[in-house]
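Written below as structure tokens is the structure these notes are about.
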Amino acid sequence: GVFVDVLPDKKLDDAEKRLLIELSRIAEKPPGEEELKRVKQQMLASAVFARESPLGLARNISEAVILNDLDHARKYLPAVLAVTAEDVQR
């Protein structure tokens, strides 16, 4: 899925148009190697920092149990790091 946060001073319609343009661009041309590497690093850093405190780790484990399972949580980061440009286009 795709999630977008729209700033209070921005219009939802404009955000939707920009999102559709970006999705069309990705469908036609996969992300470059550097862009994909940058996004993977951002996702990895975000996940690691979210688990840095005891509260963050507990939140991560509880969300895994409630929404999926612990095995999913264990496999999530390796799966993110394995994503290819072709995967993004799917």
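Side-chain heavy-atom separations under 4.5 angstrom define the hydrophobic clusters, and the remaining members of the one that includes Ile61 are Leu57, Val65, Leu70.
Contacts classified as side chain to side chain donor-acceptor pair (under 3.5 Å) and involving residues 50-77 (residues at least two apart or in different chains) are given here: Arg51-Asn60, Asn68-His72, Asp71-Arg74, Asp71-Lys75. Applying the side chain to side chain donor-acceptor pair (under 3.5 Å) test to residues at least two apart or on different chains, none of the pairs has a partner in residues 2-21. Sorted by first then second residue, the salt bridge (Lys or Arg N to Asp or Glu O under 4.0 Å) pairs that include residues 79-90, not counting sequence neighbours, are Asp87-Arg90. Every pair tested for side chain to side chain donor-acceptor pair (under 3.5 Å) that includes a residue from residues 31-50 fails, sequence neighbours excluded, so the list is empty.
Closest approach of Leu12 to Val6, counting heavy atoms only: CD1-CG2, 3.7 Å. Minimum heavy-atom separation, Thr84 to Leu36: C-CD2, 3.7 Å.
Put simply, Leu77 and Met43 are part of the same group of oily side chains (I, L, V, M, F, W, Y) that touch within less than 4.5 Å, one to the next. Hydrophobic clustering (ILVMFWY, side-chain heavy atoms < 4.5 Å, transitive): Val80 and Val39 are in one cluster.
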Validation: residues 21-31 side-chain donor-acceptor distances under 3.5 Å, sequence neighbours left out:
| residue | atom | partner | partner atom | Å |
| --- | --- | --- | --- | --- |
| Glu22 | OE1 | Arg25 | NE | 3.2 |
| Glu22 | OE2 | Arg25 | NE | 3.3 |
| Glu22 | OE2 | Arg25 | NH2 | 2.4 |
| Ser24 | OG | Leu20 | O | 3.0 |

